[in-house]
Each structure stands twice: as structure tokens, then as C-alpha cells.
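One structure is given here, and the rest of the page talks about it.
Any value given below was found using the heavy atoms of this structure, including those in side chains, with hydrogens, waters and symmetry copies removed. All ligand and atom numbering here is 1-based and tracks the order in the structure.
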Amino acid sequence: MKITVIGTGYVGLVTGAVFSDWGNDVYCLDIDTNKLNEIKKGNMPIYEVGLKEVVLKNLENGNFKVTSDYALAVDHAEIILICVGTPSNQSGAADLSFVYKVAEQIGQNRKKDDYQVIVCKSTVPVGTNNEVRDIILQNTTNHNFDVLSNPEFLREGSAVYDANHLDRVVIGSDSKKALDTMAQIYEHLDTKIVKTDLASAELIKYASNAFLATKITFINEIAQICEKVGANVKDVSLGMGLDTRIGNKFLNAGIGFGGSCFPKDVEALHKTSSENLYDFKLLRGVLDANEDQRIFFTKKIFSKFGENLSGKTIGILGAAFKKDTDDVRKSVSVAIIKDLRGAGAKVKLYDPIALENAKHELGELSIEYSADHKDAFTNVDAVAILTEWDEFKEYDYVSLSTTMRNKVIFDGRNILDKSLMQNNGFEYYGVGV
Ligand code: UGA
């Protein structure tokens, strides 16, 4: 199929690359021509496992092309996907200005009367697709199109894999023709395609993310109880997760959820509820408890060293909001580093790939960026593990500890074995263990 993807961020670039890899003829459009030139050279603007290989392969065979030319890209497509950002605005609602701008451009550039499906892949509040349709209608006399919602469920870090192994595809539209056209893209996959109306598709995305965020928050609150009653949250999670109705995924207690999706989407769904005169109490609780979870962890460090950390140096492992990504947006690690710095501590920060992004977010004040993980163990009063990178599980902590001032580990992701660490002479603080 002839497809145009607008926006080359996480969602757009991965979607465009994967769709081209499935044999479609894809144009990816972005207004940032520098970014496009880098993509053409094989330099990806984001770190995503396997993405570069897929892009290079399909640039070469001609299935994947980039452009900043709206007229060309709109004219090309049977299906146009809107994949631009929807950041939170000050009130917590999704800022839809980028989506609306793209809708305007699509309308203005629709020249032929061929049928097109305009798809919103960006996460947008219920009702947005109707507004997208209205904006396109206001900007073109050519009305032979339908809008469709096709939310994406890819996880950063494993997005290319996820795109090829979808649990389900959700497509929503009031038009059967649009649903049937869109379904063709996914029909070769062995996955269930849920066809529904626009509002339900839009809501499925928010409900899914909010549910997963709630699941994480639930286990985080159980971790708090574990500490009070002397239970171990890892065992509680294991015991709960084996119930197939519950499942073991997203039941790892830690420092709270972060990233560009969960915090924003929970906030936005809460806002949608309020606007529709429904008080979604559970979601407010999730947001509050998630904030508390970070504070609960930081307080462990304060309990050990006092609330004035001047003169103390803390080694930090991990800046990314989760493993396998260089993304630090709404990373709880970054927030904890700010807490520690605010209390007067110096920080030595190591992350396998997110250091550059962390530097943009945190600056140089009181932070030493360590290119080698060993530096984060050298002359520090404690080490805190804040991202669950696999390599952190493999370190030889005993030999690394020889350069530490104290053998103190704060494990915000529960990736180490408490008894083993204690047997090796460490003072070990996990979350709910
Ligand atoms: C999330 C969803 O998982 C995707 O399905 C969705 O497509 C995406 O948002 C989106 O809306 O675009 P993502 O933000 O990439 O994906 O990351 P997750 O793997 O869901 O992790 C989110 C946060 O929860 C991270 O901070 C992670 O460390 C934390 N988490 C996750 C936990 O604290 N415990 C867990 O057990 C799982």
C-alpha cells in the first residue's frame, strides 16, 4: 500500500520503518530537514533496537523514503498516518496543536479526488479524531476521505520487535471502507484486529496505559506494606502473577513509573473524566502514589545520611526512564538526582546510552557524567540503581566496592539479591524487600 507517515519521532519513525519492511511504499514526512538528512545517512534520531537496520534496508530497496514536502507526501498516499507529539500542557491535558497543524496541512495539500484514510496514531483524547476531520474539511473541497484511529501500543526500547509481534491491533472509524482499507496493512500478522468506533479506539489506548500504570502503582503500594510487615514484594509479586487472571507483567515494584507516556496519559485521562463531569478517583490516587513512591525511595537515602547531603557523593546507575532506551523524559531517575542535588549531594552518573540526554536535562551542576560504570563506584558514599539495565545485574559488586567509601547500595529496581549482597558485606536497601 502507499502510505505516508507524518512525524519521525518514536512512533512515526518506527511505524514508517516497519510498514516499509512489510512491503509497503512509505514516505516519512518531517519538517526538520536536518533530521531527515541524518536518517538518510543511517543516523537515527532515537536509540531503538533494530531500527537502523530496518531503515537502511528499506532506504536501499526504495520502500522507505523521507521528505519534508507535504504536497508530495499527501499526494502519494492511500493512507496517511499522523504521528506527531501530544505533550502535556500546563493543566495536564494533551497539547494537540501539532496534530491540528498537521490536519490543516493535509487538508490544504489534498489535490486529487482519490479516496484516502487519515489515521491518528498519536495518543489523542476522545473526540480528537472528529476535530481532525473537521479541520481537514475546512481546508479542502475534496471530501473523499475518512478518519480512523489506530492507537499504537509499542514500548520504547523494543518497539521494532513489538511492531512485528502485536498482541492486538485496534482500529476505530465510523466508516467500514476505512476499517477495511486499514486492516489490509495488518492482515499478514497473526494477531487479532479489533474493529470499533472512533471514540472506543481512542479510549482503548488511554485505558490500557492507565491500567498498566495502575498495576505498577498497586505493586509499589504493596511494597510499602511489605516493608511495614516484614514481607518480600518480589515473592508477593511472583505469587500474585502466577494467577493467570493477574499475570506477572508490570508487577515489578520500584521507584515509580516514568517516561513520555504513562504520566502524561494518566493525567490526560483524568482530565478527560473531569471535563465530562466524572471524578476518576482511582487515577488521581495513582498519580499521587507514583509521586510518593519516588519520595519514599529518596527518603531511604536521607534516612541513612541525613537530609543535608553536603559533602556526600552518590554514584547513580541509570538515567533512562527504563532499560534499553536513551529517553530521559519524565525519568524518575532524573527526578531523584534533582532531589539529591537539592539536598547538597554530588552525583556521579553512569548510563550505558542516556548520558547525553541526561546532560541536556540536568546540566553540569554537581554532576559528574561517567563514561565508565567504575567511576560511579569511585569515592562515593553509596551507589543507587535507578534504571533496570541488564548490565547492572552482571557487575561484580564486590570488586567494584573496593573504591567506594562505604559498601552501601540503594536498589531502586530490586535487581540485586538482598541476601547475597548482605552476605557480601553490603548495606542493602531495596524497595519492599
Ligand atoms: C508504554 C506502554 O507500555 C506501551 O504499550 C505504549 O505504547 C507506550 O507507553 C505509549 O503510550 O507510547 P513505554 O512508556 O515505552 O510504553 O514504557 P513501559 O515499558 O510501559 O514502562 C513505563 C514505565 O513503567 C517505566 O518507567 C518503567 O520503568 C516502569 N515500570 C514498568 C515499572 O516501574 N514496573 C514494571 O513492572 C513495569
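In this structure, the separation between CD on E427 and CD on Q422 is 9.5 Å, given to the nearest 0.5 Å.
Protein residues with any heavy atom under 4.0 Å from ligand 1: E152, F153, L154, R155, E156, K205, N209, I216, F250, L251, N252, F257, G258, C261, F262, D265, F321, K322, E388, R413.
The aromatic rings of H165 and Y161 lie parallel to each other, their planes meeting at an angle below 30°, with 60° marking the opposite boundary. Taking the six-membered ring where tryptophan is involved, the planes of Y395 and Y350 are tilted, since the angle between them lies from 30° to 60°.
A salt bridge links D174 with R133: at least one charged nitrogen is closer than 4.0 Å to a carboxylate oxygen. A salt bridge does not link D375 with K348: none of the charged nitrogens is closer than 4.0 Å to a carboxylate oxygen. With respect to K205 and E202, no salt bridge is recorded, no charged nitrogen being found less than 4.0 Å from a carboxylate O.
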